[in-house]
Amino acid sequence: QVDLVESGGGLVQAGGSLRLSCAASGRTFGSAAMGWFRQAPGKEREFVAAISWNGGSTSYTDSVKGRFTISRDNAKNTVYLQMVSLKPEDTAVYYCAARGPFSGGTSSHTFQYAYWGQGTQVTVSS
């Protein structure tokens with residue numbers, strides 16, 4: 001079992017920055033690939049970024065490449081999403097997710113993630 005708690009969301013002007021954190025409980029965090037997803041009102045949840053269990057591999061959706069950076073600190077059981085040059089279209093609830101331990105690398109598919117946080121709101125004003 002892995003419990004995930006996101007933090008760091010808020011209101012920011014376009015062009016600004018935020019850093020989201022996802023604190024994980026459970027001894028299997030260090031062996032699980034992690035991902036960030038987001039869901040805007042009236043839209044389906046979409047993939048944002050993912051990172052392998054050891055941080056050696058990352059992937060991003062095209063719209064955030066060059067602006068967002070995913071990272072993790074296994075000693076702190078935490079994964080981060082650094083977001084810069086934010087745009088109004090980045091406004092959404094951001095969710096942290098974990099794959100099962102030893103279940104594979106990065107993935108953009110929601111169904112491959114076994115654990116989800118409650119989400120943190122990010123609002124970017126124009």
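Everything quoted here is computed from the prediction, not taken from an experiment.
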I'd like a table of donor-acceptor pairs (distance under 3.5 Å, sequence neighbours excluded) in which one partner is a side-chain atom from residues 79-88, with atom names and distances.
none

| query | Any side-chain heavy-atom pair from Arg38 and Asp90 closer than 4.5 angstrom? | reply | yes

| said: On a heavy-atom basis, which atom in Trp53 and which in Ser31 lie closest, and how many Å separate them? | reply: CB-C, 3.6 Å

| Between Met34 and Arg99, is any pair of side-chain heavy atoms under 4.5 Å apart? | no

| request: Report the distance from atom CZ of Phe47 to atom OG1 of Thr61, rounding to the nearest 0.5 Å. | output: 7.0 Å

Compile the donor-acceptor pairs under 3.5 Å between side chains in residues 14-22 and protein atoms, sequence neighbours left out, one pair per line.
none

| request: Kindly indicate, with the supporting measurements, whether the criterion side-chain hydrogen bond (donor to acceptor under 3.5 Å, both in side chains) is fulfilled by Gln121 and Thr123. | output: CA-CA 6 Å; Gln121 176 71 47; Thr123 303; 3.3 Å; yes

| field | Nearest heavy-atom neighbours spanning His109 and Ser107 | value | N-OG, 3.1 Å

| said: More than 12 heavy atoms of other residues, nucleotides or ligands under 6.0 Å from CD of Gln118: yes or no? | reply: no

| said: Within this structure, what is the OG-CD1 distance for the pair Ser57 and Ile51, rounded to the nearest 0.5 Å? | reply: 8.5 Å

| task | Would you please indicate yes or no on a ring centroid separation below 6.0 angstrom for Phe37 and Tyr113? | result | yes

| field | Whether Arg45 side chain and Thr110 backbone form a donor-acceptor pair below 3.5 Å | value | no

| query | Which word best sums up how the rings of Tyr95 and Trp116 line up, parallel for under 30°, tilted for 30 to 60°, or perpendicular for over 60°? | reply | perpendicular

| For the residue pair Leu4 and Cys96, what are the closest heavy atoms and their distance? | CD1-O, 3.6 Å

| task | Decide yes or no on side-chain contact (heavy atoms from CB on, under 4.5 Å) for Tyr60 and Thr69, but give the supporting numbers first. | result | CA-CA 9 Å; Tyr60 299 90; Thr69 303; 3.9 Å; yes

| query | Does Thr91 reach the main-chain N or O of Glu89 with its side chain, forming a donor-acceptor pair under 3.5 Å? | reply | no

| said: Ignoring hydrogens, what is the shortest heavy-atom contact between Ser125 and Leu11? Give both atom names and the distance. | reply: CB-CD1, 4.4 Å

| task | Please collect all salt bridge (Lys or Arg N to Asp or Glu O under 4.0 Å) contacts where either partner lies in residues 56-65, sequence neighbours excluded, each pair once. | result | Asp62-Lys65

| CZ of Arg72 to OG1 of Thr78: how many Å apart, nearest 0.5 Å? | 10.0 Å

| note | Of all heavy-atom pairs linking Ala24 and Val2, the shortest is CB-CG1, 4.2 Å

| query | Which pair of heavy atoms, one from Lys43 and one from Gln39, lies closest together, and at what distance? | reply | O-NE2, 3.1 Å

